[in-house]
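Structure, as structure tokens:
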Amino acid sequence: MSFELKSGKWKPRFRMAKITNMKFSGCALRNGSDEIPLTVTQDTPVWLMLVINDDGTFAMRFEGVLLNATGRIEGQPCRLRFGGFASDDTGERVDIPTNASGDYGKENSEISNLVTTFGLSPKTQCSAPIPGFDLFNIYLGTSGNLKFNPPQKITSP
């Protein structure tokens, strides 16, 4: 995942950037030894927020995330939609934006320990079963780090 950030000044716990240009590469659905390539796109603008913890460390938070991942599962077109979900006033499940957050390393300009609250949305459209995913389950973890490019010069008073 990559995106561009404009330089500027901001205050902790406030929105740092509005991200509308996320790009994803190398995405795949892995099930055992099988790997299905996916094209991932951003569906909503995402707000990036920086939090300075009590111990002086930084954390980054992505708010308002809805993602689409398209590919072919068992030869059939499939669109996975990831976000949060809630029930509307009729009790029907609807998707809503969700968030992801992790520790930010000032020295390497990376987010590590990324935790998500992504679920498979009711707007997912697949005719074949999706290996490893069930509708309405929450998937909390990710692997790998997110590196800012160019590195960000974030300081605190």
### Task
Ignoring hydrogens and angles, state whether a donor on the side chain of Tyr104 or Ser109 is under 3.5 Å from an acceptor on the partner side chain.
yes
### Contact summary for Val40 and Ala69, nearest pair of heavy atoms
CG2-CB, 4.0 Å
### Query
Once you round to the nearest 0.5 Å, how far does CG of Leu80 lie from CD of Gln125?
10.5 Å
### Query
Side-chain heavy atoms under 4.5 angstrom apart, residues restricted to Ile, Leu, Val, Met, Phe, Trp, Tyr: same cluster for Met60 and Leu67?
yes
### Query
Judged by atom type as modelled, is there a donor-acceptor pair below 3.5 Å linking the side chain of Asn53 to the main-chain atoms of Asp55?
no
## Note on the structure
Rounded to the nearest 0.5 angstrom, the CZ-OG1 distance for Arg81 and Thr124 is 8.5 Å
### Task
Consider only side-chain heavy atoms of I, L, V, M, F, W and Y, link residues closer than 4.5 Å, and tell whether Phe58 and Leu114 are in one cluster.
yes
### Message
When you compare the side chain of Thr98 with that of Thr116, does any pair of heavy atoms fall below 4.5 Å?
### Response
no
### Separation of Ile73 CD1 from Ile36 CD1 (nearest 0.5 Å)
5.0 Å
### Query
What closest approach, in Å, do Arg72 and Gly75 show between heavy atoms, and which atom pair accounts for it?
NH2-O, 2.6 Å
### Message
Side chains of Asn99 and Phe62, heavy atoms from C-beta outward: is any pair under 4.5 Å?
### Response
no
### Query
Is there side-chain contact between Cys126 and Arg79, with heavy atoms separated by less than 4.5 Å?
no
### Lys123 NZ to Asp43 CG distance, which is reported to the nearest 0.5 Å
8.0 Å
### Query
Which distance, rounded to the nearest 0.5 Å, do you find between the NZ of Lys106 and the OG1 of Thr57?
8.5 Å
### Query
Any side-chain heavy-atom pair from Leu120 and Phe82 closer than 4.5 angstrom?
yes
### Message
Return the OG1 to CE distance between Thr41 and Met22, rounded to the nearest 0.5 Å.
### Response
11.5 Å
#### Entry: Exercise: identify the closest heavy-atom pair between Phe24 and Gln42
CE1-N, 4.2 Å
### Nearest atoms (heavy-atom pairs only) where Thr44 meets Val65
OG1-C, 4.1 Å
### Summary
Smallest heavy-atom separation, Ala86 atom then Ile96 atom, equals CB-CD1, 4.1 Å
### Query
Closest heavy-atom contact between Asp95 and Ser121?
OD2-OG, 3.0 Å
